[in-house]
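Down below is the structure, laid out as structure tokens.
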Amino acid sequence: MKSTINKIIASIKLAVNESITRSVDEGAFTIDHMPSIIIEVPRDTTHGEFSTNVAMQITRQAKKSPKLIGEVIIKNIDTNNSYIKSVELAGPGFINFHLNQNWLYEVLEDIYDLRGSYGSSDIGAGKKVNVEFISANPTGPMHMGNARGGAIGDGIASILQCAGYQVSREFYINDAGNQIEKFGQSLEARYLQLLGQNIEFPEDGYKGEDITEHMKNFIEEQHKEYIDEESDRRKKAFIEYALNLNLQKIKEDLNEYGIKYDVWFSESVLHCQNQVNAVIDELKNKGYAYEKEGAVWFKATEFGCEKDDVLVRNNGIPTYFAADIAYHLDKLRTREFDWSINVWGADHHGHVARLKGALEALGIEPDRLTIIIMQLVRLTRKGEISRMSKRSGKMVTLSDLIDEVGKDAARFFFNLRSPDSHLDFDLDLAMEQSNDNPVFYVQYAHARICSILRQLDVEVSFSQVTLTLLKEKEEILLIRKLADLPQEIIMAIEKLDPSKITKYALDLSSDFHSFYNACRVKLEDEELMKSRIILIQCTKQVIENCLGILGVSAPEIM
RNA sequence: GCGCCUGUAGCUCAGUAGGAUAGAGCAACGGCCUUCUAAGCCGUGUGCCAAAGGUUCGAAUCCUUUCAGGCGCACCA
């Protein structure tokens with residue numbers, strides 16, 4: 001799966017490394033240690049295809065000027081049997097490499113051979129990774145924050161798969177605890193109100209329409225037989241009824257959204273199987289938990305937190321925190337995932353340190369857990385900020401969004417920016433002018449290619465083309481961009497940021513559209529035409545690979 | 001008050017683990033369809049990189065302080 005660009009970068013690195021060694025041996029300069037040689041792509045193409053700043057990096061330890069060091073490195077570099085055409089010293093001490101263009105044509109061969117796996121690598125070495133995302137409360141429909149988390153989480157999972165990780169996508173169902181109790185109270189109040197009783201609605205209950213809707217349907221289906229039932233049993237029945245429906249709806253919506261989970265993990269199972277109590281006991285036994293004022297506390301301060309946290313309330317009910325520790329222990333110890341990645345909204349970031357602390361207390365290396373903190377989505381409508389809260393009732397749901405702008409636009413849009421950036425989602429723009437969405441720009445490139453291929457309808461095999469005919473500026477730029485994908489994916493993994501892929505897809509599409517306007521594929525000259533067919537087939541493949549990662553479809557006709 | 005995230009063109013954002021002249025999209029203006037999809041292409045300009053110090057060959061990027069916005073700091077999740 002080693003791609004041409006990676007091979008070239010590695011070979012340049014090696015050549016530079018050997019040259020430095022040789023220079024030191026002949027006494028041109030001295031170094032304490034070999035620096036890590038970084039090969040980068042200069043922004044300005046007149047600076048060559050690749051460059052390195054290594055001469056500047058070692059000025060300090062060598063105590064010679066960057067220019068002098070650079071000259072020696074260039075003198076001693078062995079460029080035989082490589083793609084390197086020439087090497088030059090430029091600017092403050094950059095060493096620039098100009099390559100024979102032949103390597104670009106090999107890139108096309110890579111894509112042609114590797115197809116869907118072009119861009120993949122094996123750096124993940126089969127490590128087991130659990131990616132948990134969305135995990136929306138099943139007390140109501142999913143909101144825009146869940147939508148963003150879904151796009152980011154699924155994207156991260158896909159990138160990791162490309163890099164050879166063994167990925168499991170997981171949804172944690174919070175079907176236990178306080179908010180479920182609130183959910184039950186809210187349902188009960190609406191039920192009784194619907195049946196004419198003058199009941200006060202819980203102050204911090206769920207005020208959404210969906211709660212009333214559930215109870216309306218429930219009354220129609222089950223009549224009014226719960227009116228005289230004891231409250232606890234009644235709430236239990238309501239919760240079971242509504243939770244199932246909500247969960248079903250969540251699954252349907254996510255299916256529409258193009259997200260497939262491997263595991264739906266239920267919080268209540270942790271309680272039933274006594275895992276929550278077990279983890280609390282373990283913390284107690286290890287001396288990291290203590291009792292105070294009738295509650296059980298975790299000594300989070302011993303792990304760098306500002307204060308300790310409650311594991312068991314003084315009413316004997318464990319907190320969400322305790323369950324979360326048990327859950328992550330289940331992932332990392334019981335189920336033996338090498339790495340656990342969670343995507344959380346910024347409103348949960350305060351929870352990160354203490355969870356990692358708890359894992360450390362239990363003897364789990366905290367670095368095995370990575371939390372991606374995603375900044376919140378802010379909705380604007382006609383310039384006004386509309387708050388989104390499940391309890392306030394009025395909100396835009398994921399399924400509204402899919403209905404209005406479509407899954408492709410939504411998923412692309414949410415991965416247009418890095419998780420770190422605050423996202424203003426302009427509803428008017430998204431819902432009224434969805435044609436402005438950049439996703440169409442990429443899809444259109446794909447559809448255009450499909451259209452050309454459909455009309456030409458020529459079978460071309462690699463052996464019958466002369467790729468060196470592809471030498472127009474736009475052709476070279478396009479191939480150069482195609483060559484970048486493997487590096488882009490590695491970058492996306494290092495940052496755990498799928499938006500890198502989105503941006504790459506936009507850049508690639510732009511290079512394709514430029515090519516399209518400058519060069520025709522359908523030509524009298526059959527040789528050139530066949531070469532260009534290969535070029536656009538490769539472009540089509542790479543667009544598909546990118547859109548596949550993002551969970552966006554690649555239509556053949558638009 | 002403390003912690004995390006953010007501050008780059010009129011707007012929305014990139015800026016590749018410190019590099020060469022700071023980039024895109026939108027918006028504005030001008031061009032390009034008798035030939036493969038004009039949801040496209042080509043061209044025109046815009047910056048006290050929030051502010052001030054510091055680190056070094058070199059800073060939008062790293063450190064310190066200040067300012068502004070978002071989010072946290074529950075026996076809620």
Side-chain angles (χ1 to χ4, degrees), chain A residues 36 38 40-44 46-47 51-53 56-57 59-60 65-67 90-94 96 135 137 139 174 176-182 204 267 292-297 305-307 309-321 323-324 345-353 373-376 378 416-424 426 429 435-445 447-456 474 484 487-488 490-491 494-495 499-500 503 506-507 509-510 512-523 529 532 536 557-558:
Chain A
S36 66
I38 294 166
E40 51 188 14
V41 178
R43 197 178 48 238
D44 186 338
T46 63
H47 294 136
S51 74
T52 180
N53 61 354
M56 291 179 285
Q57 280 190 318
T59 43
R60 187 105 36 99
S65 78
K67 296 214 173 187
F94 289 98
N96 294 339
S135 299
N137 270 339
T139 51
N174 300 134
N178 225 331
Q179 89 282 1
I180 292 294
E181 178 58 26
K182 292 256 158 62
D204 50 356
E267 181 185 351
K292 191 181 92 184
E293 294 163 3
V296 181
W297 297 72
C305 296
E306 280 183 22
K307 56 184 198 308
D309 285 288
V310 172
L311 294 165
V312 184
R313 290 185 272 258
N314 62 14
N315 61 7
I317 298 171
T319 57
Y320 174 86
F321 176 46
D324 220 17
D347 52 340
H348 286 71
H349 83 260
H351 189 55
V352 175
I373 293 298
M374 149 194 102
Q375 297 304 312
L376 298 176
R378 200 171 57 172
L416 219 42
R417 291 169 181 73
S418 73
D420 262 351
S421 80
H422 300 262
L423 183 63
D424 283 331
D426 186 333
L429 189 73
N435 274 1
D436 276 354
N437 199 298
V439 70
F440 294 107
Y441 187 79
V442 177
Q443 291 181 319
Y444 185 54
R448 264 185 159 174
I449 294 171
C450 291
S451 168
I452 299 170
L453 294 174
R454 229 177 2 250
Q455 286 172 51
L456 292 176
E474 288 81 4
D484 279 339
Q487 292 289 304
E488 295 289 341
I490 287 170
M491 202 85 75
E494 278 172 358
K495 303 248 159 116
S499 76
K500 305 276 175 212
K503 281 178 202 101
L506 285 165
D507 281 353
S509 302
S510 169
F512 169 73
H513 287 307
S514 296
F515 159 80
Y516 179 91
N517 277 275
C519 310
R520 288 185 57 78
V521 178
K522 188 179 177 183
L523 288 167
M529 180 178 79
R532 285 185 174 163
I536 64 171
I557 298 172
M558 282 177 77

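Letters A, B, ... are given to chains in the order of the sequence lines, protein chains preceding strands, and every chain is numbered from 1.
The minimum heavy-atom distance linking R378(A) with D424(A) is given by the pair NE-OD1, 3.0 Å. Nearest heavy-atom pair across Q375(A) and D420(A) is CG-O, 2.8 Å. Closest approach of F321(A) to V310(A), counting heavy atoms only: CD2-O, 3.8 Å. Nearest heavy atom pair, residue E474(A) against residue S514(A), reads CG-O, 3.9 Å. Residues E267(A) and A323(A) come closest through the heavy atom pair OE2-CB, 3.6 Å. Shown here for E293(A) and N314(A), the closest heavy-atom pair between the two residues is O-CB, 3.8 Å.
Across G18(B) and A52(B), the matching P atoms stand 24 Å from one another, rounded to whole Å. One P atom belongs to G23(B), the other to G43(B), and the distance between them is 15 Å to the nearest Å. When the P atom is used for both U8(B) and A14(B), the distance is 10 Å, rounded to whole Å. With P as the reference atom, G3(B) and C63(B) are 14 Å apart, rounded to whole Å. Using atom C1' as the reference point in both C26(B) and A68(B), the two lie 25 Å apart (nearest Å).
Backbone-only contact: D420(A) has heavy atoms under 4.0 Å from sugar-phosphate atoms and none from a base. Among the heavy atoms of the strands, none lies under 4.0 Å from D484(A). Using a 4.0 Å heavy-atom criterion, one finds that E293(A) contacts the bases of the nucleic acid, with or without backbone contacts as well. Nucleic acid contact for C519(A): base, since at least one base atom lies under 4.0 Å from a heavy atom of the residue.
For N315(A) against C75(B), a side-chain-to-base donor-acceptor contact under 3.5 Å is absent. If you check distances only, the side chain of H351(A) never reaches the base of G72(B) with a donor-acceptor pair under 3.5 Å. Between the side chain of S51(A) and the base of A20(B), at least one donor-acceptor pair of N or O atoms lies under 3.5 Å. Side-chain atoms of H348(A) and base atoms of C71(B) include no donor and acceptor less than 3.5 Å apart.
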For nucleotides 37-39 of chain B, tabulate all protein N/O to nucleotide N/O atom pairs closer than 3.5 Å, reporting atom names and distance.
from: U37(B); atom 1: OP1; to: S451(A); atom 2: OG; distance (Å): 2.5
from: U37(B); atom 1: OP1; to: Q455(A); atom 2: NE2; distance (Å): 3.1
from: U37(B); atom 1: OP2; to: S451(A); atom 2: OG; distance (Å): 3.1
from: U37(B); atom 1: OP2; to: Q455(A); atom 2: NE2; distance (Å): 2.7
from: U37(B); atom 1: O2'; to: Y444(A); atom 2: OH; distance (Å): 2.1
from: U37(B); atom 1: O2'; to: R448(A); atom 2: NE; distance (Å): 3.0
from: U37(B); atom 1: N3; to: M558(A); atom 2: O; distance (Å): 3.4
from: U37(B); atom 1: O4; to: A447(A); atom 2: O; distance (Å): 3.4
from: U37(B); atom 1: O4; to: M558(A); atom 2: N; distance (Å): 3.1
from: A38(B); atom 1: OP2; to: R448(A); atom 2: NH2; distance (Å): 2.4

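Checked against side-chain hydrogen bond (donor to acceptor under 3.5 Å, both in side chains), K495(A) has no partners two or more places apart in sequence or in another chain. In this structure, the side-chain contact (heavy atoms from CB on, under 4.5 Å) partners of Y444(A), at least two apart in sequence or on a different chain, are R448(A), H513(A), M558(A). Evaluation of the side-chain hydrogen bond (donor to acceptor under 3.5 Å, both in side chains) rule for E306(A) yields no partner, not counting sequence neighbours.
Judged by ring centres under 5.5 Å apart and planes tilted less than 30 degrees, H47(A) stacks against the six-membered base ring of A20(B).
As a whole-Å value, the separation of D424(A) CG from C5(B) C1' is 14 Å. Look at NZ on K307(A): it is 13 Å from C1' on G1(B), rounded to the nearest Å. As a whole-Å value, the separation of D324(A) CG from C75(B) P is 17 Å. If you measure from atom CD of E474(A) to atom P of G40(B), you get 18 Å, rounded to the nearest angstrom. In this structure, NE2 of H422(A) is placed 13 Å from P of G69(B), rounded to the nearest angstrom. Note: CZ (R378(A)) to C1' (G69(B)) measures 8 Å, nearest angstrom. Distance E306(A) CD to C73(B) C1': 7 Å, rounded to the nearest Å. G69(B) atom C1' lies 12 Å from atom CD of Q375(A), rounded to whole Å.
You'll find the side chain of I536(A) reaches within 4.5 Å of the side chain of F512(A), heavy atoms only. For the pair K522(A) and I452(A), the minimum side-chain heavy-atom distance is 4.5 Å or more.
To the nearest 0.5 Å, the span separating NZ on K182(A) from OG1 on T139(A) amounts to 11.0 Å.
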Would L506(A) and L416(A) count as a side-chain contact (heavy atoms from CB on, under 4.5 Å) if you check the C-alpha gap in whole Å, the side-chain angles of each, and the deciding distance to 0.1 Å?
CA-CA 10 Å; L506(A) 285 165; L416(A) 219 42; 4.0 Å; yes
How does RNA chain B look in dot-bracket notation if pairs are Watson-Crick or G-U with both distances under 3.5 Å, crossing ones as [ ], other-strand ones as |?
(((((((..((((.....[...)))).(((((.......))))).....(((((..]....))))))))))))....
With the sugar-phosphate defined as primed atoms, P, OP1 and OP2, and the base as all remaining atoms, what B/S/- string results for nucleotides 14-19 of chain B, 5' to 3', for protein heavy atoms under 4.0 Å?
SSBS-B
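Two residues, R520(A) and T46(A), neighbour RNA chain B, and the one matched to the more 5' nucleotide by heavy-atom proximity is T46(A).
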